[in-house]
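A note on names: the letters A, B, ... follow the listed sequences, proteins ahead of strands, and every chain is numbered from 1.
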There are 2 protein chains.
Amino acid sequence: MRPENKPTGQESGSFIERARRAQIIASAIEVIADQGFANASLARIAKHAGISKGVISYHFAGKDELMEQVVDQVYADIARYVLERMEGHKSATALLRTQITAVAQHMREHRSQVKALGEIFYNLRLPDGTPRYGVAASEELFQSLELIYRHGQESGEFRLFDVRVMAVSHTAAVDNMFAYWVTHPGHDLDAHARELADIFVHATRAEGALP
Amino acid sequence: MRPENKPTGQESGSFIERARRAQIIASAIEVIADQGFANASLARIAKHAGISKGVISYHFAGKDELMEQVVDQVYADIARYVLERMEGHKSATALLRTQITAVAQHMREHRSQVKALGEIFYNLRLPDGTPRYGVAASEELFQSLELIYRHGQESGEFRLFDVRVMAVSHTAAVDNMFAYWVTHPGHDLDAHARELADIFVHATRAEGALP
DNA sequence: CTAGTTTCTGGCCATGCGGCCAGAAAACAA
DNA sequence: TTGTTTTCTGGCCGCATGGCCAGAAACTAG
């Protein structure tokens, strides 16, 4: 029999259960990151992990659940990493810079994870063909960024602008920074991040502010 | 026998040949735009066009050639549309604004085409699994944008910044403007474009410049 | 050791895919 | 009209996929 995969918040299942799930998730990340979502079959993921295909079916309800677990784990890692580094900063400008550079640092240290996240985010679909994630799933991130932007507007650091458009553009620029770096591995990701932070600082600052 | 699909620059083949290819390309665009690349099989594209699957094989060397034809056609349409509207403008600031708003106008009028382009761009892979297009294929666009940015820096309109990072971020923001609009159809695309143009004008302008 | 449970293997299944082809049909040429 | 070429149909092929299962193996409890 299969263990009922109840998505309880706390870790559950036997030691083997948890270890296997972690191993399979890690294998999925690696395969997706360097073969692409479309080529990441259960057979490939199993072979890469050195286990039989049936094990995946045994520990996960299906391919979709495995993909969602990957997203949940990687996304939570990024959020924790970035939020930790943002704590303590008060000015909107500092928060903005820190958000961008912290994301870049995390990307540099977790290339495969972030790449796999993007692949799944963009490709996974519901049975009816509509995207499982996609832009709509970034709503939470948009709102977090909007908090920073509104904070800056209220404090007078930032000029008035549409915070939604700024948040969408910010997210896009950060995501594409990653994609560009993946395609051009020699590219200096941290320098790109600093330059990108400059762009948004200039784009947002109040008219009269000193450079 | 099949007509040898020599990719000559000029239109070739019989009247039927040209009409069928156009019809199949149009059908592919519609299917990809609302089912996604992964669900756009030759069978679906043929059914949507009301023809037999074999016709596609008859008029195209394979699925990959069909996808590349879609990309070539849609990409050329966008480039022509935007470049026409940029002609005549001289200041870098005006060129920048025009580029962004013109792209948005084209997107609004050619939603399916642009969506299909993005799907293929992101998903089509070579036999070895590496992306057929992807970020690397945007190199030409990056260089065009860099011309504008360097022009502004040389004329003194723009501050000094890394033109490559600016071009990558610009492309990303425009692409995501489209993705956001597709997910939120009620969103005002033209207003978003004006706001986005403001963002890049502020991000690029020289320190001493008047608002 | 034995009985029961968890975990794993290897293979089978139905489905959908892209490519291909034999021959029908349509368009065209004489 | 007749013969020839172009175009189209419908179906078949080999292949890969995700899901599934019967039984083997490993582990655990008594």
Side-chain angles (χ1 to χ4, degrees), chain A residues 1-6 12-25 27-28 31-32 35-70 119-120 123-129 132, chain B residues 1-6 12-25 27-28 31-32 35-70 119-120 123-129 132:
Chain A
M1 279 288 97
R2 268 216 262 93
E4 289 292 326
N5 291 316
K6 300 172 185 172
S12 63
S14 67
F15 171 78
I16 289 179
E17 170 77 11
R18 279 181 281 119
R20 269 279 190 250
R21 283 177 68 99
Q23 178 198 22
I24 292 168
I25 289 173
S27 178
V31 173
I32 292 169
Q35 313 272 349
F37 180 87
N39 295 330
S41 63
L42 292 184
R44 273 191 175 78
I45 293 169
K47 186 176 180 183
H48 183 78
I51 57 178
S52 171
K53 202 180 47 158
V55 189
I56 299 179
S57 296
Y58 179 74
H59 290 284
F60 294 89
K63 190 180 185 181
D64 287 357
E65 199 219 311
L66 171 57
M67 296 294 120
E68 287 171 9
Q69 291 294 323
V70 172
E119 288 277 335
I120 299 172
N123 287 299
L124 189 62
R125 310 229 162 201
L126 297 170
D128 66 2
R132 168 69 179 82
Chain B
M1 282 286 97
R2 269 218 262 92
E4 289 294 328
N5 290 317
K6 300 173 186 172
S12 62
S14 68
F15 172 78
I16 289 179
E17 171 78 12
R18 279 180 281 120
R20 270 280 190 247
R21 283 177 68 101
Q23 178 199 20
I24 293 167
I25 289 173
S27 179
V31 173
I32 293 169
Q35 313 272 348
F37 180 87
N39 295 330
S41 64
L42 293 184
R44 272 189 174 81
I45 293 168
K47 187 177 179 182
H48 183 79
I51 58 179
S52 171
K53 200 180 50 157
V55 189
I56 299 179
S57 295
Y58 179 73
H59 289 285
F60 294 88
K63 192 181 185 181
D64 287 357
E65 199 219 313
L66 171 57
M67 296 295 120
E68 288 172 6
Q69 291 294 320
V70 172
E119 288 278 337
I120 299 172
N123 289 298
L124 189 61
R125 309 224 163 205
L126 297 171
D128 66 4
R132 168 69 178 80

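- A close approach under 4.0 Å does not occur between any side-chain nitrogen or oxygen of S57(B) and OP1 or OP2 of dC20(C).
- If you find the closest nucleotide of DNA chain D to K53(B) and to G50(B), the one lying nearer the 5' end belongs to G50(B).
- In this structure, K53(B) forms no cation-pi arrangement with F60(B), as its terminal cationic atom is not both closer than 6.0 Å to the ring centre and no more than 45° off the ring axis.
- Y58(A) has no side-chain polar atom (N or O) that falls below the 4.0 Å cut-off from OP1 or OP2 of dC8(C).
- Closest approach to the V55(A) side chain among dG18(C), dT9(C), dT7(D) is made by dT9(C) (side chain taken as heavy atoms from C-beta onward).
- Rounded to whole Å, atom C1' of dT6(C) lies 15 Å from atom CZ of R18(A).
- Per the geometry, CZ belonging to R44(A) stands 14 Å off C1' belonging to dG18(D), to the nearest Å.
- A straight line from CD1 of I51(A) to C1' of dG10(C) spans 14 Å, rounded to a whole angstrom.
- K47(A) places none of its side-chain heavy atoms less than 4.5 Å from the side chain of V31(A).
- Ion pairing between a basic and an acidic side chain is recognised when a charged N comes within 4.0 Å of a carboxylate O; E119(A) and R125(B) show such pairing.
- Separating the NE2 atom in H59(B) from the CD atom in Q69(B) is a distance of 13.0 Å, to the nearest 0.5 Å.
- Put simply, the side chain of Q23(B) never gets that close to the backbone of A19(B): no donor and acceptor are under 3.5 Å apart.
- For the OP1/OP2 pair of dT6(C) and a distance below 4.0 Å, the side-chain nitrogens and oxygens of R20(A) include no atom meeting the criterion.
- One atom, CD1 of I56(B), and another, C1' of dT7(D), lie 14 Å apart when rounded to the nearest Å.
- In the set dC17(C), dG18(D), dT7(C), dC17(C) carries the atom at the smallest distance from any side-chain atom of A43(B).
- The CD-P distance, from Q23(B) to dC8(D), rounds to 9 Å in whole Å.
- For a distance-only test at 3.5 Å, the side chain of S52(A) qualifies as a donor-acceptor partner of the base of dG10(C).
- Atom CG of L42(B) and atom P of dG19(C) are 6 Å apart (whole Å).
- Atom-to-atom, NE2 of H59(A) to C1' of dT9(C) comes out at 12 Å; the value is rounded to the nearest Å.
- Note: CD1 (I24(A)) to C1' (dC8(C)) measures 11 Å, nearest angstrom.
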